[in-house]
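Step one of this worksheet: look at the structure below.
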Amino acid sequence: MICFCTCGNTIDIDYDSIRENIGSNFPDTKIMVLNAMCNGDDLEKLTNELKLGDYKGFLFVGCSPQIIEMKLRLELKKNQLEDIVFEIVNIREQCYWVHDSDDATYKANILVKAHFIKLLNTFYKKIDKNFLDKSVIIIGGGIAGLEVAINLQKLGYDITLIEIDKDLGGYVKKLPIIHPYKVSGEDFINKRINRLDSDITIYKNWTIEWIDGKLGNYSLKLLENNNSDNEKIINGSIIVFTTGHDIFRPKINDFYRYNEEDRVISLFELGNVLRSLNSKNKTEKLNSKNILKLFENKKSTRNILIVQCVGSRDKNYYEHCSKYCCTTAINYSIELLKRFPNSSIFISYIDIRTPWTSEYEYKKARDMGVNFIRGKVGSIEKIDDKLIATIYDTIVQKLMKIDADLVVLSTALIPKSENMELFNQLKINTWNKGFIKSKYAKLRNVETSRNGIFACGTATGPKLIEETINEAKAISMEIIKLLEEPKLFSNYNVTIIDQEKCNGCELCARICPFNIPRMIPQETDSESKIEYLAEIDPFSCRGCGTCNAICPTAAAQLQQYSQNEIFSQIKSLLEDSNEFTQPIILGFVCDECAYASVDILGLLRKKYPENIRLIRIPCGGRLSLLDILKCYSDGASGVFLLACGDDKCHYIDGNVKGHSQIEAAEEILESIGWDRGRTAY
Ligand code: SF4
Ligand code: SF4
Ligand code: SF4
């Protein structure tokens, strides 16, 4: 069945000619013409037709899949029609909006036929299974981990909480005061620890030696006290990383005499000092670098200089803003002035970043007399046992010298380096030297690049405490959605391995950006030399198709982008190559940034030559050398790949792998005398 959408009669393409063309090639095809599929009534007409007919698939001809695909999928799912496959032919953005009328109609005819033939060759297998064990493993017992555990505990899930330290609470527990809650970190954390149900399994002082598995079946090996004398294997359906962060520690002489001078401390250490001053238990005083004696006399005057952005926003260290330090420095200044009103506090800054209610604290600090100096501290010299800081104030344009009794460095919030090995084992995407990268920063920011693994809090980047708490709630909702589904459905397009064809070469396992294919040992007899066969868990496969491009036997096939489908589409797109007036160029376009960019060309009505015909693929990694050679053998004059930019690939490095297939084609074709440049990236 083919369903044409006229986009409210705004697509000026000769639909009749397309219908005639399809009718003459495929006479029994049912054709529907609808006015606006994005309108609920027309969607209903389509689903009614699909319910009545015995359709295996249909072609939607209209606007971009970026606009209509998810709507169609949801509507089909709502009507229990999700097993019906469909292809989308984008004749609006790729024909009508970018070519003159006759050319647009001609190209639309070609595209519709090619997609229809692809649909006739469709490779699709329904995959679903009854759902997972309701078990969740939370790695990290700080504020984020505690919040996730508390949110989930009433639902009867089997929850395990693993903490590397001997106490729960992480960094937050060590904070003297939490803005905007106005309580100590200890009280804040203890309140949550007291709310933990007794049936949560808690491992304190345990490290993780390895981690492996897939959604529904992750395994971890734990060592107590980092010692192999006591080890344990635990399993869970879902993993949540709430592993927190570290604080940048300047090395000797790196920054302002830190490590060289007791009177130069970090903001975190100033927090310890404030905690000690607040502590009623004299024996528990935390005397960071013997600084407490500076505060023995309440009435004495003292100059305190706080230096912002140390290690943050600095291309030599960490380029990100650490987010916590402006607010924290301001709050600590207020605390200090309340206790020691005769002190003078100077904050040297590049910009002050105080989101939301922190702005009120910023005003309060100014009203209380904190001196904000916009400028970077040039140096801190030790002259006659005095610490003299030199700062050029860029507002009053004056060089200032401050005789500081205490220098506090607002050091960067950075990723925990010791977690990298675990992230690498799981092939989770990271960024900025080790923060976990979200699946999609805008819309799915608590999911990771791997199904069934979530992350929140400062494990994914600098956060304020209330943001972490909100993210923990979001994760809990995502987990509930997964665990309460009666059935788990795989992604729409996943790779299926034909084990009859697999030769056990392991190339798919080596190239997959997410480490999904497993090599399963086989019982061998004298005739069969194959010791391993590849297996892909459809609930973990992300559907990039990169393994398809390298599989030497075509055993690995991505649903709806299998070799047969792509080859049939190529052949049909080039059917007129002998008689067409211009050389035909085929472009493979990844379904992420590249497809969206092509849509934008359409939206802006930027015309491009009508001899360019595009093939949608999920990721640049799906493009194979064979696809490229097939294009040339069927009559293409040029081939290109359009994929996400450097470091922007949604499948880690599929763009790079696609690029190498283009390079390989260039080299092969050059060796037979073709000019370079025909095959482009
Ligand atoms: S929060 Fe403030 S001090 Fe911290 S890195 Fe950002 S701008 Fe610098
Ligand atoms: S690349 Fe293909 S042939 Fe090789 S192990 Fe994977 S599926 Fe089997
Ligand atoms: S399609 Fe992509 S995610 Fe799935 S197994 Fe192949 S390479 Fe891995």
Side-chain angles (χ1 to χ4, degrees), residues 214 247-248 266-267 306-314 317-332 347-355 358 362 372 374 376 408-414 427 449-451 461-464 490-520 522 530-563 617-622 624 649-654 657-658:
K214 58 192 183 190
I247 294 289
F248 174 62
S266 69
L267 193 61
I306 305 181
V307 185
Q308 297 300 93
C309 298
V310 174
S312 305
R313 307 177 68 202
D314 182 338
Y317 296 91
Y318 294 88
E319 291 192 62
H320 62 262
C321 166
S322 292
K323 209 171 190 178
Y324 84 101
C325 17
C326 281
T327 306
T328 305
I330 286 168
N331 282 315
Y332 287 0
I347 296 184
S348 100
Y349 68 96
I350 308 173
D351 301 289
I352 287 289
R353 296 180 172 177
T354 46
S358 306
Y362 180 25
F372 287 87
R374 198 182 75 184
K376 266 198 123 153
V408 180
L409 307 182
S410 289
T411 46
L413 185 153
I414 61 171
K427 290 214 172 174
S449 52
R450 192 152 177 150
N451 285 355
K463 304 271 156 55
L464 301 179
S490 67
N491 287 341
Y492 292 100
N493 306 122
V494 295
T495 286
I496 313 263
I497 304 268
D498 179 348
Q499 296 208 327
E500 296 283 306
K501 289 187 182 167
C502 176
N503 66 10
C505 68
E506 218 180 297
L507 289 173
C508 53
R510 287 175 181 271
I511 205 166
C512 173
F514 306 102
N515 213 6
I516 306 296
R518 305 267 138 201
M519 300 310 298
I520 309 296
Q522 305 296 306
I530 296 181
E531 291 177 20
Y532 293 90
L533 288 178
E535 192 179 280
I536 286 178
D537 171 43
F539 300 94
S540 302
C541 173
R542 296 278 307 279
C544 62
T546 306
C547 56
N548 294 216
I550 202 171
C551 176
T553 62
Q557 293 296 315
L558 180 60
Q559 303 195 97
Q560 294 199 261
Y561 296 95
S562 65
Q563 190 181 74
I617 49 176
C619 165
R622 166 62 190 82
S624 73
C649 179
H650 292 63
Y651 301 93
I652 302 183
D653 57 359
K657 285 164 182 151

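When a ligand or atom number is given, it counts from 1 through the structure's own listing order.
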Problem - Distance (rounded to the nearest 0.5 Å) between T354 OG1 and K323 NZ - result: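 Reported to 0.5 Å precision, the distance equals 12.5 Å.
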Handout entry: Separation between CZ of R622 and SG of C544, rounded to the nearest 0.5 Å
Key =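 Here the interatomic distance stands at 10.5 Å.
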Mind listing the closest non-hydrogen atom pair of [X] and [Y] along with its distance?
{"X": "Y317", "Y": "F248", "result": "CD2-CZ, 3.5 Å"}
{"X": "P462", "Y": "H320", "result": "CG-CD2, 3.6 Å"}
{"X": "C508", "Y": "P517", "result": "O-CG, 3.7 Å"}

Practice task
At a heavy-atom distance under 4.0 Å, which protein residues reach ligand 1? Sort them by chain and number, would you?
Solution key: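 Ligand 1 pocket, heavy atoms under 4.0 Å: Q308, C309, S312, R313, C321, S322, K323, C325, C326, D351, R353.
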By number and element, which atoms of ligand 3 are closer than 4.0 Å to a non-hydrogen atom of [X]?
{"X": "G545", "value": "1 (S), 2 (Fe)"}
{"X": "I536", "value": "5 (S)"}
{"X": "C547", "value": "1 (S), 5 (S), 6 (Fe), 7 (S)"}
{"X": "F514", "value": "3 (S)"}

Exercise for the section: Would you verify whether the NZ or CZ of R450 falls within 45 degrees of the ring axis of F514 while also being under 6.0 Å from that six-membered ring's centre? Expected result: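 That pair does not qualify as a cation-pi contact.
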Handout entry: Check ion pair R374-D351 (N to O, under 4.0 angstrom)
Key =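 Salt bridge between R374 and D351, a charged N being under 4.0 Å from a carboxylate O: no.
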[X] side chain vs [Y] backbone, donor-acceptor pair below 3.5 Å:
{"X": "Q522", "Y": "I520", "value": "yes"}
{"X": "N493", "Y": "G543", "value": "no"}
{"X": "S562", "Y": "L558", "value": "no"}
{"X": "R518", "Y": "N515", "value": "yes"}
{"X": "S410", "Y": "C309", "value": "no"}

Exercise for the section: With 2.8 Å as the limit, jot down which protein N, O or S atoms are around atom 8 (Fe) of ligand 2. Expected result: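 The answer is C502 SG.
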Exercise for the section: Please find out if atom 8 (Fe) of ligand 3 and some N, O or S atom of C512 are separated by less than 2.8 Å. Expected result: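 A backbone or side-chain N, O or S atom of C512 is under 2.8 Å from atom 8 (Fe) of ligand 3.
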Problem - Sub-4.0 Å heavy-atom contact, L558 with ligand 3 - result: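 Per 4.0 Å heavy-atom rule, L558 does not contact ligand 3.
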Handout entry: P513 heavy atom under 4.0 Å from ligand 3
Key =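 Contact present.
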Problem - Any donor-acceptor N or O pair under 3.5 Å, side chains S624, N548 - result: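 No donor-acceptor contact under 3.5 Å links the two side chains.
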Handout entry: Atoms of ligand 2, numbered as shown, that sit under 4.0 Å from any heavy atom of M519
Key =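 Checking each atom against M519, I get 5 (S).
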